[in-house]
Amino acid sequence: MKCPNCGFDIDDNEVYCQHCGAEIVEMGQPEGGTGEKKKKTKPAKDGEGKNRLSLILKLAAAAVILVVIIIIIVSVAASVNASKGRKLFDNIPLGRDVDFIVSQTGMVFLSEESSEYGALNYIADYDHICEAEKSVTVDGIKLPEWAVLLRENASGSVEEAVLYNFSILKNSWMGEKTGSKIEASAVEFGAKIRAAERAIGLKPYTIIKESAENTSTYVYRYHYTDEESGNYFVMNFYVIVNDVDGKVVDVREEQLDYLNLILHAE
């Protein structure tokens, strides 16, 4: 029905017009006792309509704020979980045994093939592993939000540490979508890693540090569609940094396919 006062469409059972605030009052049946009851409006008190509209707007604003707060909380929690893995990784000293690393970090490292995630045991080669309590799903495959893997040499000293940040890939194994291919020239040799990441606009999903080479390799995954052919490509972009001065010493890339991802872990 329409509001008898302002003509705004309202439900038949409304008591007040949501547009003008007028009260809807039943007039009773027409003469003869048949037909629907007629309704009329009772003029709203001064400011009543505005007050109701103001209340509705305030409630809507409060709902929006609540949603934003929830999104922020979830984002912060995810960031904290991811940073926990990164902090652990950064505090791992190479050249020491696992017992020393456990005593220094306070984290538990399990022996090889001990991950509760079968896919991680399959695609990654490691001697010890520490992984996040929470998990993410990457294209139907359940993985930890992050995992730190250690590889030992013959004497039992850790010679390589690898950080996987699988939360980077939770939307797709192909990584972040970019408008075009990222050229190696985008990263300046001799630059710091933060400057390199600003240049390519990506976050690493894997970091590898090796004592033998005294370097850290940052791996970024992205995909793009070639404008000429219309084909899409999935790429790993590698930035190699010297651990002594923290400067970029090399940049390389690799084209991936899904089979390559499963069979060859970096």
Side-chain angles (χ1 to χ4, degrees), residues 78 81-102 105 107-176 202-223 234-241 243 252-266:
N81 288 331
S83 63
K84 184 177 181 180
R86 179 62 184 273
K87 183 178 180 180
L88 168 63
F89 176 79
D90 289 341
N91 289 332
I92 290 177
L94 298 181
R96 306 301 296 266
D97 60 30
V98 174
D99 289 339
F100 178 83
I101 292 174
V102 170
T105 63
M107 302 295 286
V108 177
F109 281 83
L110 304 176
S111 59
E112 58 182 333
E113 304 300 322
S114 297
S115 172
E116 64 177 279
Y117 304 94
L120 188 54
N121 290 326
Y122 181 66
I123 66 175
D125 178 27
Y126 61 90
D127 296 310
H128 299 276
I129 185 172
C130 180
E131 53 196 13
E133 295 179 358
K134 294 185 177 181
S135 63
V136 294
T137 301
V138 180
D139 285 85
I141 300 175
K142 188 177 180 182
L143 293 164
E145 284 186 330
W146 57 264
V148 175
L149 285 58
L150 305 179
R151 296 190 181 104
E152 300 173 325
N153 57 23
S155 63
S157 297
V158 175
E159 62 180 1
E160 181 178 277
V162 182
L163 168 66
Y164 281 102
N165 185 3
F166 290 111
S167 62
I168 294 290
L169 304 179
K170 63 182 179 181
N171 293 324
S172 171
W173 75 272
M174 296 185 295
E176 187 172 339
L202 300 174
K203 294 182 179 180
Y205 90 94
T206 301
I207 306 176
I208 307 165
K209 55 182 179 183
E210 303 173 90
S211 59
E213 300 295 332
N214 210 20
T215 60
S216 292
T217 302
Y218 295 75
V219 187
Y220 308 84
R221 181 169 295 170
Y222 72 97
H223 64 283
V234 183
M235 308 293 296
N236 269 358
F237 192 88
Y238 301 83
V239 178
I240 297 89
V241 176
D243 287 337
R252 59 187 179 87
E253 62 184 9
E254 176 189 18
Q255 183 178 329
L256 299 177
D257 56 41
Y258 189 73
L259 185 60
N260 190 30
L261 172 69
I262 295 299
L263 298 181
H264 299 86
E266 289 297 337

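Values reported hereafter were calculated over all heavy atoms of this structure, with side chains retained and with hydrogens, waters and symmetry mates removed. A quick note: this is a predicted structure, and the numbers were derived from the prediction, not measured.
Atom-to-atom distance recorded for Ser167:OG and Leu143:CG is 11.0 Å, nearest 0.5 angstrom. The line from OG1 of Thr105 to CZ of Phe100 is 10.0 Å long, rounded to the nearest 0.5 Å. The line from CG of Leu256 to CZ of Arg221 is 5.0 Å long, rounded to the nearest 0.5 Å. Considering CZ of Arg86 and CG of Asn91, their distance stands at 11.0 Å, rounded to 0.5 Å. Distance check: Tyr218 OH to Ile208 CD1 gives 11.5 Å after rounding to the nearest 0.5 Å. Residue Ser172 holds its OG atom at 14.5 Å from OH of Tyr222, rounded to the nearest 0.5 Å.
Minimum heavy-atom separation, Lys209 to Asp90: NZ-O, 3.8 Å. Scanning all heavy atoms of the two residues, the minimum distance from Lys142 to Tyr117 falls at O-CD2, 3.4 Å. Between Trp146 and Gly85, the shortest heavy-atom contact is CD2-CA, 3.5 Å. For Leu120 against Ala147, the heavy-atom pair with the smallest separation is CD2-CB, 3.9 Å. Closest approach of Leu94 to Ser211, counting heavy atoms only: CD1-N, 3.4 Å. Of all non-hydrogen atoms in Ile101 and Arg96, the two that sit nearest each other are CD1-O, 4.2 Å.
Residues Asp139 and Met174 have side chains not in contact (no heavy-atom distance under 4.5 Å, counting atoms from C-beta outward). In this structure the side chain of Ile207 reaches within 4.5 angstrom of the side chain of Phe89, judged on heavy atoms. Taking the side chain as every heavy atom from C-beta outward, Phe109 and Leu88 approach each other to under 4.5 Å. In this structure, the side chains of Lys84 and Glu145 stay at 4.5 Å or more apart for every pair of heavy atoms.
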Full working for side chain to side chain contact (heavy atoms under 4.5 Å, CB included) between Glu176 and Lys203: CA-CA 9 Å; Glu176 187 172 339; Lys203 294 182 179 180; over 6 Å; no
Decide side chain to side chain contact (heavy atoms under 4.5 Å, CB included) for Asp127 and Leu150; before the verdict, give the C-alpha distance in whole Å, the side-chain angles of both, and the deciding distance to 0.1 Å. CA-CA 6 Å; Asp127 296 310; Leu150 305 179; 5.7 Å; no
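Distance alone, capped at 3.5 Å, places no donor-acceptor pair between the Asn236 side chain and the Glu254 backbone.
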